[in-house]
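Take a look at the structure below.
We count ligands from 1, going down the list as the structure has it; atoms in each ligand are counted the same way.
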Amino acid sequence: MKTKHIPSILIIYTGGTIGMRENHKTHALEAFDWSHLESSVPELSQFGFNIDAITLGEPIDSSDMEPHDWVRMAEAIEENYDRYDGFVLLHGTDTMAFTASALSFMLENLDKPVIITGSQLPIGQLRTDGKENLLTSIEIAAARTVKGQPMVPEVCIFFENELLRGNRTTKINSEGFNAFRSYNCPALAKAGIHIDYAKDRILYPAERSENVRQNLFHTMYGSKHDGLYVHKTMDSHIAILTLFPGITEEVVDAVFSTPGLRGVILQTFGSGNAPQKPWFIKRLKDLHERGIAMVNITQCHYGTVEMGRYETSLQLLEAGVINGYDSTLECVVTKLMFLLGANYSPEQLLLLMNTSIAGEITLK
Ligand code: ASP
């Protein structure tokens, strides 16, 4: 007789509001330890799953997260990969979208769910959104298709009833429970009475690796574990230049002369447009000649960059600026760190920026 599979889920707690409590003297929210979280959610035992939990070092506010913290999270998943069916990462909301994007690149060939969640109110508070977010995330991490495969083998954010692809997500609200949006990619699932999965949108490892293989992506570093390939080098020598009418040469020069700079993200207008001022275009050409990668993303939330649609973006293309398509800022920051960390040649980097490695951009 076939025995029923009992899902095993690992909860990885990194910090954030979900596990905080109020300091009675200062009234500031402070990180607390996991045992508090466990006792605040006695419902966990009702799943009948094997649920384990670990705390990753000192719980921190996610505003303090650094790329080395992403590496620790990736390593925790790698070390426990064989033992669990899925992972739920508890994280502060402030930089959750950066972590989700980074992990989507670092965990190559992922075939198990990594669901990141947190809350706007600590889990010990009466009106907390943390319980709902945690419980549904566990259910999603354990969900399987009729064939017994993991339902969502992707890095996702679950928040306030929506499961979003991690590298498409942005925090948009500092107060409301509905704190995240994925403007350019619809939700992968919605939780109501049932959890409705948009199965045609979910990416399975075979499709992801096909995208990547087509563009000569090969793993040059990192460590391999049971099919999962974990990349651990992120290069954070990048800068973001947000354009605005009246931007001065001094501001642009200050950013472009940053010591050690290897990549610049240009946050442009509309469909990827920038001022045509000769001094600005010259600065871009100089940067290109110095071998610094420049990526164009739009300040608009919806829609994509279309380089060459207007003369104002054609000039960027001619200056060597790379199209960032409909990437979120969080995604392009982490994708650039990831590709620079691998030390690709400028040609390979261009090719990979034009490739959807983990479903992060829409290519028409
Ligand atoms: N500042 C907190 C953090 O990102 C906010 C939160 O968790 O919602 O860690």
Side-chain angles (χ1 to χ4, degrees), residues 11-41 44 53-74 76-77 87-104 106 114-138 140-141 155-164 166-182 191 234 236 240 328-331 333-334 337:
I11 299 175
I12 303 170
Y13 174 52
T14 68
T17 300
I18 193 162
M20 290 185 180
R21 68 169 181 185
E22 197 176 304
N23 178 315
H24 294 304
K25 277 199 198 124
T26 63
H27 297 289
L29 290 176
E30 293 173 345
F32 200 56
D33 66 28
W34 164 254
S35 55
H36 158 72
L37 214 50
E38 229 175 4
S39 58
S40 298
V41 197
L44 286 177
I54 54 171
T55 301
L56 225 51
E58 270 295 298
I60 56 172
D61 188 296
S62 75
S63 306
D64 279 323
M65 286 286 171
E66 295 274 343
H68 62 80
D69 295 304
W70 304 333
V71 174
R72 289 229 321 249
M73 294 174 211
I77 292 167
F87 301 86
V88 174
L89 202 90
L90 300 180
H91 194 288
T93 57
D94 289 348
T95 64
M96 187 184 283
F98 285 94
T99 297
S101 295
L103 290 179
S104 77
M106 295 165 86
V114 174
I115 313 298
I116 309 180
T117 196
S119 66
Q120 295 281 64
L121 276 178
I123 209 155
Q125 284 193 12
L126 214 51
R127 286 195 314 107
T128 185
D129 50 331
K131 260 191 197 182
E132 203 59 47
N133 287 345
L134 172 63
L135 296 173
T136 311
S137 296
I138 292 173
I140 292 170
V155 178
C156 294
I157 287 182
F158 179 79
F159 221 86
E160 181 73 357
N161 303 331
E162 281 198 306
L163 183 72
L164 307 173
N167 55 32
R168 292 292 200 146
T169 305
T170 298
K171 182 174 179 182
I172 50 111
N173 196 330
S174 62
E175 293 182 0
F177 286 157
N178 198 347
F180 289 89
R181 282 285 179 293
S182 165
M234 302 292 269
S236 52
I240 300 166
T328 60
L329 177 67
E330 295 87 337
C331 170
V333 162
T334 55
M337 286 186 181

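In this structure, Thr334 and Met106 have side chains that are not in contact, with every pair of non-hydrogen atoms separated by 4.5 Å or more. Contact of the Thr17 side chain with the Gln120 side chain is not registered, since no non-hydrogen atoms from C-beta on lie closer than 4.5 Å.
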Present, as a list of atom pairs with distances to 0.1 Å, all nitrogen or oxygen contacts under 3.5 Å between ligand 1 and the protein.
| from | atom 1 | to | atom 2 | distance (Å) |
| --- | --- | --- | --- | --- |
| ligand 1 | 1 (N) | Asp61 | OD1 | 3.0 |
| ligand 1 | 1 (N) | Asp61 | OD2 | 2.9 |
| ligand 1 | 1 (N) | Asp94 | OD2 | 2.8 |
| ligand 1 | 4 (O) | Ser62 | OG | 2.5 |
| ligand 1 | 4 (O) | Thr93 | N | 3.3 |
| ligand 1 | 4 (O) | Asp94 | N | 3.0 |
| ligand 1 | 4 (O) | Asp94 | OD2 | 3.4 |
| ligand 1 | 7 (O) | Thr17 | N | 2.8 |
| ligand 1 | 7 (O) | Thr17 | OG1 | 2.9 |
| ligand 1 | 7 (O) | Thr93 | N | 3.0 |
| ligand 1 | 8 (O) | Thr17 | OG1 | 3.1 |
| ligand 1 | 8 (O) | Thr93 | N | 3.4 |
| ligand 1 | 8 (O) | Thr93 | OG1 | 2.4 |
| ligand 1 | 8 (O) | Ser119 | O | 3.2 |
| ligand 1 | 9 (O) | Asp61 | OD1 | 3.3 |
| ligand 1 | 9 (O) | Ser62 | N | 2.7 |

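Remark: Glu162 pairs with Lys190 by the salt bridge (charged side-chain N to carboxylate O under 4.0 Å, His left out) rule, at least two apart or across chains. Here Ser182 pairs with nothing under the side chain to side chain donor-acceptor pair (under 3.5 Å) rule; sequence neighbours left out. Legend: residues meeting salt bridge (charged side-chain N to carboxylate O under 4.0 Å, His left out) with Asp69, ordered by chain and number and at least two apart, are absent.
Side-chain atoms of Ser63 and Asp94 form a donor-acceptor pair, as typed in the model, at a separation below 3.5 Å.
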